[in-house]
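Here the structure is laid out as structure tokens; the discussion comes afterwards.
Positions are given from 1, in the same order as the sequence printed here. Treat the numbers as computed from the prediction; the structure is a model and nothing was measured.
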Amino acid sequence: MRHVIIFFGLLLILFIQLIFSTLNESPVFDELAFAPAGYEFLTKHDFRFEPFSPPLTREIIALPMLLDNTVMQDPVFFWPRFMVMIFAVILAVIVYFFAIRLYGKNAGLFALFLYVFNPEILARGHYAMTDFITAFFIVLSVFIFLTWKKNFTYSKIILFGIVIGCALASKFTSLPYLLITFVSIALLECKTRVFKKVFWRKKIGRLFFLIGTTLVMVWATYFFTWEPALGYRFDTNRLAVQLAKTNPLVKFGLEVPIPLGSYLSTIKINIRHNSTNDFVKESVFWGNYSKFSFPGLAIIPIFLIKTPIPFLIFSMVGIFMWYQSLGEKVSGKKLIKKSNNFFYKLAHLKEKNVEKTLPIILILVVFITMLASHVLLVIRYILPVYPFLAILSSQVVLVNSRKLKFAIFLLSLWYVVGTVSASPHYISYVNEFIGGSDNAYKYVAEGNLDLGQGLIALSKYQRENRINNLQLAYFGVADPQDYGISYERIYDRSIADDKKIVSLKLEGNTVAISATCWYFCGYYKNPLIMSLKPVDVVGGSILIFHR
């Protein structure tokens, strides 16, 4: 009974935190673009509105707009965000049962605890964006594979194909993540059998049935429309348009509608986007605003400062315990010392240890894929890593030492306090490695810190401090005037603001600058203000200056 109470108590805590953050944050970049795009997909079946990602997540986000189109006017964007919150809570349940399968009931509760208090989960779990729903379908796909891999009946294959199809129709990155993970696990489990004809004779039919089901599901998210594989974007400057004049294959891809044409076009765009320098843009990393030769490498230090230190410690212990488990008995014999080689151990894994290796493989796949990317990364791109690290870390509860259990308790307490201190602006969380959230702007901005979420907090700050002369440089998609903020507008990156821009003037004014504008608008190099230390950081992202 106590176990059940703790389980539902943690789910309730998660839901309350998500609701509280939603009610205290203004809409962020992409939210006000994704919902209208999804509405276009649902009502007009026109996928040219936003061709850079598959449509499913945006269709889910836009569902409330079918009932009431005025949800776009909501200052907290509640109902589209609520759709994502549903997936956040369900994913918590999946993480719980995933950990139970691998490590037992107590591990299930600890994995759930790590998930519920993870700042990145709390941040992305209430924004109407694509990343969280994608992570949900990836984790669910892996869990179903793990649960049913020994008994894949055709009815189970249909459900599995639907879930994989949803993952692939959510975001392009699902394709390499799941494909490499499933192939790796199959090789570990089947070893040399996979290269024998008799092995495939029994499974080839079901494999093709799974592929067919998956493709039908992906096509269903496009409402079974037919479009050219290179997309309906006839820009005369496009290379494809020029090549089509002499290349019949390109001409076919540009002009002839086919099933899943839009999806193929999206794959082509993403491969180009992630593997070439064509889309590299200037971004903020470690206090620098510039282009980077190897932007994918940024994900490691960003992950290290955006993840709570206790969570990192638990993850390292979990990885160590996984590695130690590779030395368990194989076919009744202990691995002898001369065979104490990592790859030898992998080749002789017991079935249970193969299952425990699955989270490790997906984590590695995500990081390696991102390291190879040519686009500077934000932490949300590796969101699927966090549920799997929570599962992997949950085995720490299996230790018997009282001292170690006390250390786990202290780390858990630190974990909760650190996360709660960032409430409700979890996106701005950084750990103690760099001195906490007040120093975050010195290292990151944009999607790692500031997406425009701080207008409600700024409005409250202005009222409580009775600030009459406020100059504001805001980065975001919402209009500060809609939140009752009285201000003069200085040079910014605001999309909705229609106020006239005036010159920065510190004397007699309080100046508020979004952390992203601090870099994008050049304030970090402005002699009037660059030498000043912010007197406050509002909403985790808006720097306050005055003399």
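The environment of F7 atom CZ is dense: over 12 non-hydrogen atoms of other residues, nucleotides or ligands sit within 6.0 angstrom.
Residues I363 and L389 meet the side-chain proximity criterion, which asks for heavy atoms closer than 4.5 Å. Taking 4.5 Å as the limit, some side-chain heavy atom of D131 sits within range of a side-chain heavy atom of K171. No side-chain heavy atom of V430 sits under 4.5 Å from any side-chain heavy atom of Y443. Side-chain atoms of I133 and V84, non-hydrogen and from C-beta on, do get closer than 4.5 Å to each other. Here the side chains of Y115 and L91 are in contact, with some heavy-atom distance below 4.5 Å. Annotation: side chain of L109 is in contact with side chain of H3 (closest heavy-atom distance under 4.5 Å). The shortest distance between side-chain heavy atoms of I544 and V511 does not fall below 4.5 Å. F87 has its side chain within reach of I60: a pair of non-hydrogen atoms, C-beta onward, lies under 4.5 Å apart.
At least one donor-acceptor pair under 3.5 Å links the side chain of T516 to the backbone N or O of D450. Side-chain atoms of N448 do not come within 3.5 Å of backbone N or O of V444 as any donor-acceptor pair. Within the 3.5 Å criterion, the main-chain N or O of A167 finds a donor-acceptor partner in the side chain of S174. For Q462 (side chain) and I485 (main-chain N/O), no donor-acceptor pair under 3.5 Å exists by modelled atom type. For the pair R58 (side chain) and S53 (backbone), a donor-acceptor distance under 3.5 Å is present. Put simply, the side chain of S459 gets close to the backbone of Y483: a donor and an acceptor are under 3.5 Å apart. Using a distance-only test at 3.5 Å, with no hydrogens or angles considered, no donor-acceptor pair links the side chain of Q395 to the main chain of Y103. With hydrogens and angles ignored, the 3.5 Å screen pairs a side-chain donor or acceptor of S394 with a backbone N or O of I391. Put simply, the side chain of E31 gets close to the backbone of V28: a donor and an acceptor are under 3.5 Å apart. Under the 3.5 Å distance criterion, the side-chain polar atoms of T419 are matched with a main-chain donor or acceptor of F117.
Distance CZ/R101 to CG/L358: 10.0 Å, rounded to 0.5 Å. Distance check, rounded to the nearest 0.5 Å: OG1 of T173 to OH of Y381 gives 9.5 Å. Between atom CE of residue M83 and atom CE of residue M85 there is a gap of 10.5 Å, rounded to the nearest 0.5 Å. One distance of note links CE of M321 with CG of L398; it measures 5.0 Å at 0.5 Å rounding. One distance of note links CD1 of I305 with CG of N431; it measures 7.0 Å at 0.5 Å rounding. Here the straight-line distance linking atom CG of L364 with atom OG1 of T357 works out to 10.5 Å at 0.5 Å rounding.
Between F145 and F182, the ring planes lie tilted relative to each other; the angle falls in the 30° to 60° range. The aromatic rings of Y386 and F303 sit tilted relative to each other, their planes meeting at an angle between 30° and 60°. The aromatic rings of F98 and F388 sit perpendicular to each other, their planes meeting at more than 60°, with 30° as the lower class boundary.
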Item to check | Chi angles and distances behind the side chain to side chain contact (heavy atoms under 4.5 Å, CB included) call for D536, F545 | outcome: CA-CA 7 Å; D536 230 325; F545 300 90; over 6 Å; no

Checklist entry - So I360 and I319, side chain to side chain contact (heavy atoms under 4.5 Å, CB included) or not? Walk me through it. => result CA-CA 8 Å; I360 290 281; I319 292 170; 4.1 Å; yes

Checklist entry - Are V378 and I302 close enough, and set up right, to give a side chain to side chain contact (heavy atoms under 4.5 Å, CB included), and what steps lead you there? => result CA-CA 8 Å; V378 292; I302 289 172; over 6 Å; no

Item to check | Verdict with reasoning, S26 to V76, per side chain to side chain contact (heavy atoms under 4.5 Å, CB included) | outcome: CA-CA 5 Å; S26 48; V76 297; over 6 Å; no

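Minimum interatomic distance between L14 and A92 (heavy atoms only, all atoms of both residues): CD2-CB, 3.8 Å. The shortest heavy-atom contact between A35 and A62 is O-CB, 3.4 Å. When all heavy atoms of L504 and L528 are compared, the closest pair comes out as O-CD1, 4.0 Å. Between F77 and V71, the shortest heavy-atom distance links the atoms CD1-O, 3.8 Å. Smallest separation of non-hydrogen atoms from R489 and D497: NH1-O, 3.0 Å. Contact record, F132 with I121: CE1-O, 3.7 Å, taken as the closest heavy-atom pair.
With respect to the salt-bridge test (charged N to carboxylate O, under 4.0 angstrom), the residues R81 and D74 do not qualify.
Among residues two or more places apart in sequence or in another chain, the salt bridge (charged side-chain N to carboxylate O under 4.0 Å, His left out) test is passed with K306 by none. Shown here are the side-chain hydrogen bond (donor to acceptor under 3.5 Å, both in side chains) partners of Q481, two or more places apart in sequence or in another chain: D479, D498.
For F314 and F110, the ring centers are positioned less than 6.0 Å apart. The ring of F113 has its center closer than 6.0 angstrom to the ring center of Y415. The ring of Y487 has its center no closer than 6.0 angstrom to the ring center of Y474. If you look at F29 and F475, their ring centroids are closer than 6.0 Å.
Checked by atom type, the side-chain pair Y426/Q17 shows a donor-acceptor distance below 3.5 Å. In this model, no donor atom of one side chain and acceptor atom of the other lie less than 3.5 Å apart for H425 and Q453. For the residue pair E25 and H126, a side-chain donor N or O sits within less than 3.5 Å of a side-chain acceptor on the partner.
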